[in-house]
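Keep in mind the model is a prediction, meaning the values are calculated, not measured. In what follows, chains carry the letters A, B, and so on, assigned in the order in which the sequence lines appear, proteins first and then strands, with residues in each chain numbered from 1.
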2 protein chains.
Amino acid sequence: MSRPTPNARDRILTAANKLFYSEGIRAVSLDNIAEKAGITKKTVYYHFKSKDDLVEAYLVSRDQPNLTLYRKWFSEADGGLPDKVAAIFLQIAVSARHPKWKGCGFLRTAAELANMPGHPAMKVGAAHKKKFEIWLTEEFQAVDLEQPEALARHIVLLLDGAFSTILVHRDADYAEAAGNAASALVLCAMQKGPVSGKPSVK
Amino acid sequence: MSRPTPNARDRILTAANKLFYSEGIRAVSLDNIAEKAGITKKTVYYHFKSKDDLVEAYLVSRDQPNLTLYRKWFSEADGGLPDKVAAIFLQIAVSARHPKWKGCGFLRTAAELANMPGHPAMKVGAAHKKKFEIWLTEEFQAVDLEQPEALARHIVLLLDGAFSTILVHRDADYAEAAGNAASALVLCAMQKGPVSGKPSVK
DNA sequence: TGATGTATATTCACTGGTGAGTATACTTAT
DNA sequence: ATAAGTATACTCACCAGTGAATATACATCA
């Protein structure tokens, strides 16, 4: 009991995740997904009311896992704040060197659905990116940096720039360059305003 | 007279430009393009051997105009080097506030065709971005900055980050944030190494 | 001059295939 | 038996690409 749908729906989502991420949204049909999930298209329509609905669910399913990963990379990194920020970029470089890497699913979906600004998946994507920015802002606030919002925004720009640029050039080295720029900006902010009374943040 | 082919091919390219940019590659059919160009689909196939071929031509047609625009924004801006770099971002903010703006066509195409790394359009896109990076590098070299390649790469990352982030959030303010980060990095590079002998760059 | 040939440019009508979404019926556990 | 879940088989629209024919321009030869 309490297991009204042990499988199907999860299998659909898993298949959708792999296919949407690796091939793109419009390049994948619900027939493809149904086949990969080992069920019928009609079953997909039983669990999701439309393709758009499934696309939204795909991004929702990636939201927390991705954020958790970023936080983990940050918190487990050695060194000071600049190093912790840079660690996120270094880990992205590692991911990007895997042959199946195809950029950021949120960014690619947003690019593909740019002609549908009201699409539910666009909202999920924007919310995801905003959560990341807010989390960074809070980390910077926690150590009393000046202008934590502006700094967080700069890091976010470098991160999404890294995703895009690596994808265009198929060259993960851009992540390291982004990491260098990011840690330089953090360091600069720390020197300017480690803040009110406490000159060292360690 | 003496106008054997005054139109067709150009009209196709113009239509492709508008539709591919505003709707995306896979969302647009050659029927759509033919209709917009006021000709028959077969005529499209007379001038372009396939849809992929037309997609490539679409990006090729944007390469020089875009680069020229960036150079113009840079060279016509008042102020020092940091201001000139920032000017590119400010102009992008202006563009991005137009309702028809849909991000960078090269980046969006790369995102959509990420599952076809060998696609001719991907090569055009990568070459375009590389040209921009090289041009920036040369500008930095011209004023004897240290590590001009690294700095150019940082600016490129911020620029593509701005394109992506603005698109996701539909908020052109990110371009200004990126411009601030960019000019800070340029300023920092100038202070470190305005170079050999001349400690002040003004 | 004019008839004919040839390359360029364009159209209409089509094919084979796939896409999103649905009508209907079957199955199985409670 | 009844409701959730799944399947078969379908509709209708669209799409990349093609076959065959036509129109136009220009050249060359008689």
Side-chain angles (χ1 to χ4, degrees), chain A residues 1-59 108-109 112-116 118-122, chain B residues 1-59 109 112-113 115-116 118-122:
Chain A
M1 47 232 49
S2 72
R3 189 90 324 136
T5 309
N7 285 36
R9 202 193 132 100
D10 287 346
R11 297 228 307 284
I12 295 166
L13 252 180
T14 301
N17 248 279
K18 288 180 188 164
L19 288 174
F20 282 150
Y21 178 71
S22 71
E23 306 297 321
I25 305 301
R26 287 199 253 247
V28 170
S29 72
L30 292 205
D31 286 294
N32 299 152
I33 290 171
E35 186 188 359
K36 179 136 191 157
I39 46 113
T40 306
K41 179 162 62 166
K42 190 66 219 267
T43 301
V44 176
Y45 277 98
Y46 177 80
H47 292 280
F48 301 90
K49 81 175 211 298
S50 67
K51 182 177 181 180
D52 288 340
D53 192 42
L54 183 55
V55 173
E56 182 189 7
Y58 150 59
L59 288 191
R108 277 178 54 220
T109 303
E112 200 167 346
L113 304 184
N115 61 330
M116 311 176 74
H119 193 293
M122 294 291 282
Chain B
M1 48 226 56
S2 70
R3 192 93 318 148
T5 310
N7 290 37
R9 202 195 131 99
D10 287 346
R11 296 228 308 286
I12 295 166
L13 252 180
T14 301
N17 248 282
K18 287 181 188 163
L19 289 174
F20 282 149
Y21 178 71
S22 73
E23 305 297 320
I25 306 299
R26 288 199 254 246
V28 171
S29 72
L30 292 205
D31 286 295
N32 299 151
I33 290 172
E35 187 188 359
K36 179 136 193 156
I39 45 109
T40 306
K41 179 163 61 167
K42 194 66 210 269
T43 302
V44 177
Y45 276 98
Y46 178 80
H47 291 282
F48 300 91
K49 80 177 212 297
S50 65
K51 182 178 181 180
D52 288 340
D53 192 42
L54 182 55
V55 173
E56 182 188 7
Y58 150 60
L59 287 192
T109 302
E112 198 167 346
L113 304 185
N115 61 330
M116 310 175 74
H119 194 292
M122 293 292 283

### Query
Please give, in whole Å, the distance from C/dC12 C1' to B/I39 CD1?
14 Å
### Task
Examine distances only and state if a side-chain atom of A/K51 and a backbone atom of A/I25 form a donor-acceptor pair shorter than 3.5 Å.
yes
### Straight-line distance of A/M116 CE to A/M122 CE, nearest 0.5 Å
10.0 Å
### Query
Would you find a donor on one side and an acceptor on the other, under 3.5 Å apart, between the side chain of A/K18 and the backbone of A/L13?
no
### Task
Write down the distance between CD1 (B/I33) and C1' (D/dC14), rounded to a whole number of angstrom.
15 Å
### Message
Check whether A/E112 reaches the backbone of A/R26 with its side chain - one donor and one acceptor, N or O, closer than 3.5 Å.
### Response
yes
### Query
How does each nucleotide of nucleotides 13-26 of chain C score, in 5' to 3' order, for protein heavy atoms under 4.0 Å: base (B), sugar-phosphate only (S), or none (-)?
------SBBBBB--
### Task
Please check the phosphate of C/dT8 (OP1 and OP2 only) for any side-chain N or O of B/H47 closer than 4.0 Å.
no
### Message
Below the 4.0 Å mark, does D/dG5 have OP1 or OP2 next to a side-chain nitrogen or oxygen of A/T43?
### Response
no
### Message
Which residues pass the side-chain hydrogen bond (donor to acceptor under 3.5 Å, both in side chains) test with B/D52, not counting sequence neighbours?
### Response
B/H119
Under 3.5 Å, which donor-acceptor pairs link side chains of residues 30-42 of chain A to any protein atom two or more places apart or in another chain?
from	atom 1	to	atom 2	distance (Å)
A/D31	OD2	A/K41	NZ	3.4
A/N32	OD1	A/S29	N	2.9
A/N32	OD1	A/S29	OG	3.2
A/N32	ND2	A/S29	OG	3.4

### Message
If I take atom CZ in residue A/R11 and atom P in nucleotide D/dG5, what distance separates them, rounded to the nearest angstrom?
### Response
14 Å
### Query
Rounding to a whole Å, what distance do you find between B/Y46:OH and C/dC12:P?
18 Å
### Task
Rounded off to whole Å, could you give me the CG-to-P distance for the B/N7 and C/dT8 pair?
19 Å
